[in-house]
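One structure is given here, and the rest of the page talks about it.
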Amino acid sequence: MDQIIEALESGAGSEAFAAIPVPASYRAACIEKADEKIFEGVPSHEKDPRRSVTLREVPVPDMAPDEVLVAVMASSINFNTVWSSVFEPVSTFGVLARYGRESSWAKRHDLPYQVIGSDASGVVLRTGSAVRNWRPGDRVTVHCNYVDDQDPSSHNDSMLGSNQRIWGYETNFGGLADLTVVKANQLMPKPRHLSWEEAAVNALCNSTSYRMLVSDNGARMKQGDVVLIWGATGGIGAYAVQYVLNGGGIPVGVVSSPDKADILRAMGCDAVIDRAAAGYRFWREDGTHDESEWRRLGGDIRGLVGEDPDIVFEHPGRSTFGASMYVVKKGGTVVTCAATSGYMLEFDNRFFWMRLKRLVGSHFANYQEAWAANRLIAKGMVHPVLSRTFPLAETGEAALQVHRNQHEGKIGVRCLAPRDGMGIDDPEMRERVGEAALTRFRTK
Ligand code: NAP
């Protein structure tokens with residue numbers, strides 16, 4: 001692995017990377033099938049990913065003709081890292097077993113361990129015989145849309161593919177490791193002004209927010225739209241704020257602490273709601289909704305920006321969904337990609353149909369959307385929201401921080417990169433974009 005770092009540091013060409021021998025095994029952050037039941041009876045918030053995520057040596061898998069082997073310099077913690085590590089809402093080993101029955105190549109993924117992780121930045125080491133556009137030595141980021149492109153259902157919008165999967169969550173050989181095997185069409189050029197860890201945190205969350213707000217498949221935000229963003233300094237929310245500001249919209253950011261409120265204001269989001277200070281109680285103790293609390297939230301939004309939101313960027317789920325569906329403007333859109341606090345959602349349909357609202361379900365991003373979102377990062381128009389990094393050996397601790405909502409923005413994980421700050425290929429562009437914008441979330 002040292003040879004990879006040396007080759008990167010010396011600016012070596014494609015032949016040099018192709019000549020680096022591939023080891024028989026590599027370090028990977030894994031969950032184990034044998035641990036599927038370790039959290040039985042433990043309340044969700046007390047499930048500790050440090051118990052389930054272990055660092056182990058795993059064999060390098062065979063590479064299919066349409067795949068590439070990537071040396072991973074850095075990766076990131078996504079909320080799906082939390083889901084897989086606490087085996088909620090389902091254990092991912094059932095998903096891998098089903099995938100394994102699809103083909104002989106898919107069978108590789110059905111193992112008693114899963115290498116988790118759905119983001120990566122790194123360098124291509126080997127390409128399969130059918131790969132045309134990438135070569136050893138290419139600096140890349142990896143997006144997580146894992147699609148069988150021979151299946152006609154994926155040809156218009158690859159997220160609609162009948163066997164579309166999220167790499168590193170619904171497949172094996174994820175990005176929280178020193179090596180990964182991915183499909184060549186998951187690769188995107190690494191933004192040259194970013195370090196490895198800054199480049200590693202964007203693909204999943206940034207592309208998700210792009211589809212939700214900007215793409216024709218999402219809420220189709222227009223100039224002047226008021227957008228209520230839950231978790232506005234979290235992984236997807238922090239990119240959503242940038243898209244709203246870039247697109248001439250008016251973000252109303254919801255966070256849960258004064259520190260997070262300060263970050264939002266520094267990003268240029270003037271309308272901020274601290275939900276902890278406001279103390280909304282959308283659900284009563286007896287499990288019924290308190291409509292007056294929905295109205296209070298609506299009043300707070302009007303107090304800040306003078307009108308109701310055209311769009312609500314929804315993902316907390318059960319705790320906020322009824323309120324989101326209520327406060328969105330007549331004719332407005334709630335776009336949702338998740339349900340962190342619970343997926344059985346309730347809302348008052350009277351306010352939905354009589355006010356002609358729309359609900360849009362959204363999931364990650366198709367190839368084109370992921371590429372468009374990466375291009376905006378590469379152009380310095382959207383910035384990484386990296387707050388801190390952990391070494392690969394501490395992946396469980398890093399996932400715990402996200403599980404407990406103790407983080408801001410994104411947490412990066414150093415895989416082969418020995419320290420932060422490596423991999424910046426265009427320092428002049430970095431200077432033009434400015435450290436302030438690039439490190440706004442940085443705490444450690
Ligand atoms: P994150 O970094 O943990 O951020 C989520 C934010 O939501 C937190 O910072 C928190 O902000 C806020 N929040 C948490 N619980 C809340 C509650 N009960 N009520 C109101 N706000 C709450 O996670 P993320 O990466 O942004 O992901 C958010 C969700 O989207 C996760 O469930 C994830 O699985 C999902 N997701 C889905 C896709 C997809 O493709 N479908 C892609 C990415 C993420 P405050 O405490 O500051 O309010």
Side-chain angles (χ1 to χ4, degrees), residues 44-45 76-86 88-89 118-119 143-146 159 164-170 201-213 215 217-218 228-241 252-264 269 272-283 293 297 312-324 335-343 345 360-366 369-370 373 385-388 398-412 441:
S44 186
H45 63 278
S76 93
I77 304 296
N78 282 293
F79 217 92
N80 70 11
T81 321
V82 176
W83 297 128
S84 45
S85 67
V86 299
E88 278 190 31
S118 299
D119 265 321
H143 73 66
C144 62
N145 186 5
Y146 188 93
M159 284 308 295
Q164 187 279 332
R165 292 185 167 82
I166 297 297
W167 158 68
Y169 179 65
E170 294 165 300
V201 299
N202 308 302
L204 192 149
C205 283
N206 179 42
S207 311
T208 301
S209 299
Y210 181 93
R211 182 173 173 114
M212 288 175 77
L213 290 175
S215 161
N217 294 311
L228 179 73
I229 301 167
W230 292 105
T233 60
I236 51 175
Y239 294 101
V241 170
V252 180
V254 186
V255 288
S256 63
S257 74
D259 287 349
K260 290 180 175 181
D262 287 345
I263 295 175
L264 265 189
C269 175
V272 178
I273 294 176
D274 181 338
R275 68 181 172 100
Y280 303 117
R281 296 220 169 270
F282 301 133
W283 288 89
E293 286 292 273
L297 171 66
V312 178
F313 184 88
E314 166 64 43
H315 52 92
R318 188 165 174 79
S319 61
T320 56
F321 193 77
S324 296
V335 58
T336 177
C337 73
T340 314
S341 64
Y343 51 81
L345 310 180
V360 175
S362 192
H363 186 39
F364 186 57
N366 63 31
E369 291 158 344
V385 296
L386 176 74
S387 55
R388 63 180 297 190
L400 180 68
Q401 301 262 323
V402 175
H403 188 26
R404 299 260 162 95
N405 194 15
Q406 288 166 341
H407 68 300
E408 281 122 23
K410 294 285 305 173
I411 291 185
F441 280 72

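In each ligand, atom 1 is the first atom listed, and ligand 1 is the first ligand listed. All values below come from the heavy atoms of this structure, side chains included, with hydrogens, waters and symmetry mates left out.
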Problem set entry | Subset of ligand 1 atoms that lie under 4.0 Å from at least one heavy atom of Thr340 | 29 (C), 31 (C), 32 (O)
Seminar exercise, completed: So CG of Asn366 and CD of Gln164: to nearest 0.5 Å the spacing works out to 10.0 Å
Exercise. Which one of Leu204, Ile411, Asn405, Asn206 has a non-hydrogen atom at the shortest distance from atom 10 (C) of ligand 1?
Worked result: Asn405
Problem set entry | Distance filter under 4.0 Å to Gly231 heavy atoms, resulting ligand 1 atoms | 6 (C), 7 (O), 11 (O), 12 (C)
For this session: Would you check the N or O atoms of Pro316, main chain and side chain alike, for any that come under 3.5 Å of an N or O of ligand 1?
Result: no
Seminar exercise, completed: Closest heavy-atom pair, Ala238 versus Val385, reported as atoms and distance to 0.1 Å, is CB-CG1, 3.6 Å
For this session: Please assess Tyr239 against Lys410 for the test side-chain contact (heavy atoms from CB on, under 4.5 Å), listing each intermediate value before the final yes or no.
Result: CA-CA 10 Å; Tyr239 294 101; Lys410 294 285 305 173; 4.1 Å; yes
Exercise. Out of curiosity, Leu204 CG to Asn80 CG, how far, rounded to the nearest 0.5 Å?
Worked result: 6.0 Å
Exercise. Given that the side chain starts at C-beta and the backbone is N, CA, C, O, which of these parts of Lys260 lies under 4.0 Å from ligand 1, counting heavy atoms, or is it both or neither?
Worked result: side chain
Exercise. Which residue owns the protein heavy atom closest to atom 23 (O) of ligand 1, what's the atom, and how far is it?
Worked result: Phe79 CD1, 3.6 Å
Exercise. Do Arg318 and Trp283 meet the cation-pi criteria used here (NZ or CZ under 6.0 Å from the six-membered ring centre, within 45° of the axis)?
Worked result: yes
Problem set entry | Ser319 and ligand 1 - part of the residue with a heavy-atom distance under 4.0 Å | side chain
Exercise. What atoms in ligand 1 come closer than 4.0 Å to a heavy atom of His407?
Worked result: 1 (P), 2 (O), 3 (O)
Problem set entry | Nearest candidate to atom 42 (C) of ligand 1, where distance is taken over non-hydrogen atoms, out of Val82, Asn80, Thr208 | Thr208
Exercise. For atom 14 (C) of ligand 1, which of Met212, Gln406, Arg275 has the closest heavy atom?
Worked result: Arg275
Exercise. How long is the span from the OG atom in Ser257 to the CZ atom in Arg275, to the nearest 0.5 Å?
Worked result: 10.0 Å
Exercise. Which atoms of ligand 1 have any heavy atom of Cys205 under 4.0 Å away?
Worked result: 25 (O)
Problem set entry | Aromatic ring pairing His403/Phe79, orientation class (parallel under 30°, perpendicular over 60°, tilted between) | perpendicular
Exercise. To which of Arg211, His403, His315 does the heavy atom nearest atom 7 (O) of ligand 1 belong?
Worked result: His315
Seminar exercise, completed: Between Ala365 and Asn145 the two heavy atoms that sit nearest each other are O-ND2, 3.3 Å
Problem set entry | Neighbour count above 12 (heavy atom, 6.0 Å) for Arg281 CZ | no
For this session: Around atom 30 (O) of ligand 1, find the nearest protein heavy atom and jot down its residue, atom name and distance.
Result: Ala338 CB, 3.2 Å
Problem set entry | Short N or O distance, Trp83 and ligand 1, threshold 3.5 Å exclusive | yes
Exercise. Looking only at heavy atoms, is any part of Cys337 under 4.0 Å from ligand 1, and if so is it the side chain, the backbone, or both, or is it neither?
Worked result: both
Seminar exercise, completed: Of all protein heavy atoms, the one nearest atom 46 (O) of ligand 1 is Ser256 OG, 2.6 Å
Problem set entry | Residue part near ligand 1, for Thr320, under 4.0 Å between non-hydrogen atoms | side chain
Problem set entry | Contact partition for Ile166 relative to ligand 1, non-hydrogen atoms under 4.0 Å | neither
Problem set entry | Part of Ser257 within contact of ligand 1 (heavy atoms, under 4.0 Å) | neither
For this session: Mind telling me whether Tyr280 and Phe282 have parallel, tilted or perpendicular rings, with 30° and 60° as the class edges?
Result: parallel
Exercise. Could you state the interatomic distance from OG (Ser118) to CD (Glu170), rounded to the nearest 0.5 Å?
Worked result: 8.5 Å
Exercise. Out of curiosity, Asn78 CG to Cys205 SG, how far, rounded to the nearest 0.5 Å?
Worked result: 5.0 Å
